[in-house]
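Proteins come first, then strands; the chains are lettered A, B, ... in the order of their sequence lines, and each starts at number 1.
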Number of protein chains: 2
Amino acid sequence: MGIKERKLKHKEDLKQSILDAAKKLFIKEGYQATSIRKIAAEIEFSPTTIYLYYKDKAAISHALHQEGFKLLASQFSILAHIDHPFERLKAMGRVYMQFALENNDFYELMFNREEPLDCVDEHWEEGEQAFRILLMVVQGCQQAGYFTQFNAESFAMFIWSTMHGLCTLKIKGHLDQVVKRKMVMQDIDDAFTHTFETFIATLEKLK
Amino acid sequence: MGIKERKLKHKEDLKQSILDAAKKLFIKEGYQATSIRKIAAEIEFSPTTIYLYYKDKAAISHALHQEGFKLLASQFSILAHIDHPFERLKAMGRVYMQFALENNDFYELMFNREEPLDCVDEHWEEGEQAFRILLMVVQGCQQAGYFTQFNAESFAMFIWSTMHGLCTLKIKGHLDQVVKRKMVMQDIDDAFTHTFETFIATLEKLK
DNA sequence: CAAATATACTTTACAGTGTTAAGTTTCCAA
DNA sequence: TTGGAAACTTAACACTGTAAAGTATATTTG
C-alpha cells in the first residue's frame, strides 16, 4: 500500500507546512498578529483547511510551544561540556536568559500563555523535562557543597522563579522602565545582567 | 457658571462608570473577555460612546492598571506597623504574593501586559513608586546588617524578579504542573509557599 | 467499466472584536 | 426663535476564530 503511505506523508507535509507558516508569521509579527487566515494565506489554502489538521488555534499554539521547548533543550545541550556543577548552573542561567531575550515570542508562548497548556491533558511533559535538567544541576551543586541545607526541588523552583521573573520583567520592558530613570542605578547601563550577577553572587555565598 | 460645572461633573461620572463597568467585567471574566461592547451594554450606552471618554481600549486598560496599583499600595500600607526591617521585607513579600493570587487579573494587567504601558509616555509612575517602597525596605535591611555587600538597587531588583517569577509561575499554573506530579516534592502540598520560604531562608543567610 | 463512496478542500456564514465616520437628538446661548 | 455646539447613536469597515454545508477529485466496490 505505497499509495496510502504517500497520502499519509502528504498529509503530514501539509500539517508541517501549516506549522512552518505559523512559525514564520509568529516570529515576525508575534502571537496576537498570527491569525488562522494569515497562516492560510501563507500556504495558499483556505482558512478552514487548517482545521482539518489542527483542532483549533490553541492546538497550533501548543505545537509552536513544543518547538520552543525543543529549541531551548538544544541550547541546554552545551551544558554537558561544563564540568564544575556551579559553573554549569551559571551557564544554564545565561543560556536561559539568552533564549528568553532572543526568542521572546517563543518564551511568551512557553511560559506566559495559558492557551498551549489547555491542549496538555494534565501532563506538561516539556516543562517537566526542562525542570528535571535544572533539578539535576542543582543536585550536582549540592554534591559539590552548595545549597546543602536546602531541599533540592524547592531550591530549583526558587532559581527558576528568579530567572523567569527577571526575563519576563526584561521582556515586558518593566526592568528598563524602573531602572533607566534617573532615580535608581544612574551608574548601571545594563540592569538585566547586573541583576543576574547579583543573583549569582547570592548563590555563591550559599556554599 | 454652575451649570458648566455640573456638566463636567456629569462627564466625569460617566467616565467613572465606564471604568467601574470595565472593572466589574474584568474581575468577573478576565481581560480577554472584557470587550468595549460588553462594557457599553453594562452601562447601557452605545459602544462608541466609550470612545468619547477613552481614546481606545488600551486607555481603559491603563486606567484599570492604575486602579490595581492603588489597591497594591493600600495593601502595602500595613507594612508601616512592622518595625524590624527584615520582618517588614518578609511581610512585603507575603502581601505581594497575596495580592497577586487574589487579584490575578489585576496582576496580569499590571505586570504582564504591554497595552497599559503603551499609554504611559516614557514614565511609569506607578511602577516606580512601588519599586521605591521595596528599595527603601531593602535599604532598611542593609542598615540592620543584611545584604550589606550588595548594591541596594540591584538587590531590590533581584527580590522583585524572584517574587514576580514565583507569582506568575503560580498564576499560570506552571508551578503546580511541575510540582504536583509525583516526580518532585511528593511530600510538599504547597509548593508556592514552600518556595517562598526557601527564598526567605536564603535571604536570611545573607546577614 | 460504472456507480457509490470516501477524501480533500472551499464557500458561505455566524457571532464576535476594536474602531471610525456620519447622522441624530438634545440642550444652551445669542 | 434660531444657530450651533455637545452628547450620543447608527451604520459601517476590516478584522478575528470557527462550524456547516457544498464541491470537486480520487478511490473503492459491485
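- Of the possible polar contacts, one joining the A:S35 side chain to the A:K38 backbone as a donor-acceptor pair under 3.5 Å is found.
- In this structure, B:L52 places its CG atom 10 Å from C1' of D:dT9, rounding to the nearest Å.
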Item to check | B/S/- contact track for nucleotides 16-23 of chain D, protein heavy atom under 4.0 Å | outcome: BBBBB---

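- Distance CD1 (A:I50) to P (C:dA8): 15 Å, rounded to an integer number of Å.
- Ion pairing between A:K90 and A:E197 fails under the 4.0 Å rule for side-chain N and carboxylate O.
- As a whole-Å value, the separation of B:F45 CZ from D:dT10 P is 12 Å.
- Between A:R132 and A:E125, at least one side-chain nitrogen of the basic residue sits less than 4.0 Å from a carboxylate oxygen of the acidic one, meeting the salt-bridge criterion.
- Around the CD atom of B:Q98, the shell of radius 6.0 Å holds no more than 12 heavy atoms that belong to other residues, nucleotides or ligands.
- Across its full length, the helix from C:dC1-D:dG30 to C:dA30-D:dT1 shows an angle of 30° between the axes of its 5 terminal pairs at either end, rounded to 10 degrees.
- In this structure, the CD1 atom of B:I39 is 12 Å from the C1' atom of C:dT17, given to the nearest Å.
- A salt bridge does not link B:E29 with B:K24: every distance from a Lys NZ or Arg NE/NH1/NH2 to an Asp or Glu carboxylate oxygen is 4.0 Å or more.
- The aromatic rings of A:F155 and A:F150 are tilted relative to each other, their planes meeting at an angle between 30° and 60°.
- If you take CD of A:E29 and P of D:dC15, they are 12 Å apart, rounded to a whole angstrom.
- Cation-pi check for A:K57 over A:Y31 is met; the charged atom lies under 6.0 angstrom from the ring centroid and within 45 degrees of its normal.
- A donor-acceptor pair under 3.5 Å is formed between the side chain of B:R88 and the backbone N or O of B:I82.
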